[in-house]
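One structure is given below, encoded as structure tokens.
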Amino acid sequence: MDSSSEGAAGVPVDGSAAAPTPPARPVLEAPDIARVLTRIAHEIVERAKGADDVVLLGIPTRGVHLAQRLAAKLQEITGHPVPVGSLDITMYRDDLRLRPARALARTEIPGDGIEGRLVVLVDDVLFSGRTIRAALDALGDIGRPRAVQLAVLVDRGHRELPIRADYVGKNLPTSLRETVRVRLTEEDGRDGVLLGQRAAAPTAEQ
């Protein structure tokens with residue numbers, strides 16, 4: 001019999017038991033997210049000496065919502081609208097053949113394009129850096145911006161490529177056993193960042 005089979009009571013018949021997964025704990029609440037986005041918007045204006053040639057491109061899914069929020073805050077600060085769009089990276093991922101097929105998201109480039117502009121890529125979590133590498137490849141097929149910067153809500157470390165964010169909402173040291181989940185009202189009905197544990201594999205009882 002397969003050792004993963006369960007008895008009538010839902011307990012594995014080989015006596016093993018899955019260790020309970022601790023509940024995820026919030027590390028950012030809605031007011032925190034609003035504050036860090038305001039700070040990032042001010043940092044962008046300061047570093048760009050205004051935002052006249054800034055274009056924000058969010059990486060689907062939640063990066064798009066964050067880019068739209070940043071655009072609204074930049075408009076509040078500068079008094080003029082900032083172009084915002086989205087950049088789908090699906091076909092540029094280096095793990096495309098290793099993962100199940102996924103639906104393509106939308107790439108929407110503002111009408112004036114990105115040529116000679118300062119493009120700020122926006123994503124929710126920076127982890128290995130492979131998503132951003134794919135985004136740079138996708139961007140290179142669209143045009144040649146003056147410069148490219150990166151803004152992320154959370155940087156959780158564990159980089160596998162030499163990529164660093166220019167604007168970070170929260171640096172969050174994590175272990176590889178932990179998960180970081182970003183929740184945004186536009187997608188999830190509420191704002192928050194949760195730090196949790198990956199589900200443990202069943203372990204034999206002592």
Side-chain angles (χ1 to χ4, degrees), residues 21-49 51 54-74 76-78 82 84 86-87 89 92-95 118-139 145 147-200:
T21 303
R25 64 179 179 87
V27 293
L28 288 177
E29 303 279 9
D32 305 315
I33 292 175
R35 279 194 297 270
V36 299
L37 290 178
T38 298
R39 171 172 57 79
I40 289 173
H42 281 280
E43 290 174 355
I44 291 172
V45 171
E46 181 178 356
R47 289 189 57 175
K49 296 179 173 56
V54 170
V55 176
L56 300 175
L57 292 181
I59 299 175
T61 299
R62 290 167 183 81
V64 176
H65 302 310
L66 292 171
Q68 291 167 346
R69 294 191 193 185
L70 275 175
K73 290 183 179 296
L74 286 169
E76 291 177 8
I77 296 168
T78 65
V82 173
V84 59
S86 60
L87 182 67
I89 64 161
Y92 295 85
R93 297 187 64 96
D94 60 8
D95 60 356
L118 170 58
V119 171
V120 180
L121 298 173
V122 184
D123 204 5
D124 53 354
V125 179
L126 179 58
F127 188 18
S128 68
R130 294 183 181 274
T131 293
I132 305 307
R133 182 209 60 79
L136 292 171
D137 287 347
L139 195 62
V148 181
Q149 295 178 349
L150 173 62
V152 297
L153 183 61
V154 176
D155 183 348
R156 64 165 297 181
H158 303 288
R159 213 76 76 243
E160 296 173 2
L161 297 172
I163 287 173
R164 188 175 73 175
D166 301 275
Y167 313 101
V168 179
K170 183 176 181 63
N171 285 291
L172 184 63
T174 63
S175 77
L176 291 174
R177 296 185 302 275
E178 292 175 313
T179 62
V180 177
R181 301 190 182 278
V182 173
R183 298 289 182 258
L184 296 178
T185 301
E186 298 92 333
E187 195 73 22
D188 311 293
R190 64 187 179 89
D191 280 3
V193 177
L194 303 175
L195 180 65
Q197 297 286 333
R198 297 189 187 279

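By convention here, the first residue in the shown sequence is residue 1. The structure displayed is predicted, hence computed values, not measured ones.
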Kindly give the heavy-atom pair with the smallest separation between [X] and [Y], and that separation in Å.
X    : Y   : answer
T78  : A51 : CG2-CB, 4.1 Å
V122 : A67 : CG1-N, 3.8 Å
L70  : L37 : CD2-O, 3.4 Å
Y167 : E43 : CD2-OE1, 3.6 Å
V152 : I40 : O-CD1, 4.0 Å
A41  : L74 : O-CD2, 3.4 Å

From [X] atom [atom1] to [Y] atom [atom2], the distance as rounded to the nearest 0.5 Å:
X    : Y    : atom1 : atom2 : result
L161 : F127 : CG    : CZ    : 12.0 Å
L139 : L87  : CG    : CG    : 6.0 Å
I33  : L66  : CD1   : CG    : 7.5 Å
D137 : R93  : CG    : CZ    : 12.0 Å
R25  : Q197 : CZ    : CD    : 9.5 Å
I89  : L136 : CD1   : CG    : 10.0 Å

Student check: side-chain heavy atoms of [X] and [Y] closer than 4.5 Å:
X    : Y    : answer
V180 : L172 : yes
L153 : V125 : no
H65  : T61  : yes
L121 : Q149 : no
K170 : V193 : no
L56  : V82  : yes
I132 : I59  : yes

State whether the side chain of [X] and the backbone N or O of [Y] hold a donor-acceptor pair below 3.5 Å, judged by distance alone.
X    : Y    : result
H158 : T174 : yes
R156 : S175 : yes
R159 : I163 : yes
R39  : V168 : yes

**Q.** Partners passing side-chain hydrogen bond (donor to acceptor under 3.5 Å, both in side chains) against D166 (at least two apart in sequence or in another chain)
**A.**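 Not a single residue meets the side-chain hydrogen bond (donor to acceptor under 3.5 Å, both in side chains) criterion with D166.
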
(Q) Just to verify, what does R62 make a side-chain hydrogen bond (donor to acceptor under 3.5 Å, both in side chains) with, not counting sequence neighbours? (A)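 With sequence neighbours excluded, R62 shows a side-chain hydrogen bond (donor to acceptor under 3.5 Å, both in side chains) to D188, given in chain and number order.
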
Q: Apply side chain to side chain contact (heavy atoms under 4.5 Å, CB included) to E160 and list each qualifying residue two or more places apart in sequence or on a separate chain.
A: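 Side chain to side chain contact (heavy atoms under 4.5 Å, CB included) list for E160, sorted by chain: S128, R130.
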
Q. With distance as the sole criterion, is a donor-acceptor pair present between the side chains of R190 and T185 under 3.5 Å?
A.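 No - no donor-acceptor pair under 3.5 Å links their side chains.
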
(Q) Going by salt bridge (Lys or Arg N to Asp or Glu O under 4.0 Å), name the residues that satisfy it together with E178, two or more places apart in sequence or in a different chain. (A)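 By the salt bridge (Lys or Arg N to Asp or Glu O under 4.0 Å) rule, E178 matches no residue at all.
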
**Q.** Residues which pass salt bridge (Lys or Arg N to Asp or Glu O under 4.0 Å) with R164, listed by chain and number, not counting sequence neighbours
**A.**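 For R164, no residue satisfies salt bridge (Lys or Arg N to Asp or Glu O under 4.0 Å) once neighbours in sequence are set aside.
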
Q: Enumerate the residue pairs fulfilling salt bridge (charged side-chain N to carboxylate O under 4.0 Å, His left out) with a member in residues 63-72, sequence neighbours excluded, ordered by first and then second residue.
A: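 Qualifying pairs: R69-E186, R69-D191.
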
Q) Under 6.0 Å from the CZ atom of R47, do we count more than 12 heavy atoms belonging to anything else shown? A)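 Yes, because the 6.0 Å sphere around CZ of R47 holds more than 12 heavy atoms from other groups.
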
(Q) Can you tell me which residue among L194, D32, L195, V154 is in a side chain to side chain contact (heavy atoms under 4.5 Å, CB included) with V27? (A)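 Running side chain to side chain contact (heavy atoms under 4.5 Å, CB included) over L194, D32, L195, V154 with V27 returns exactly one hit, L195.
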
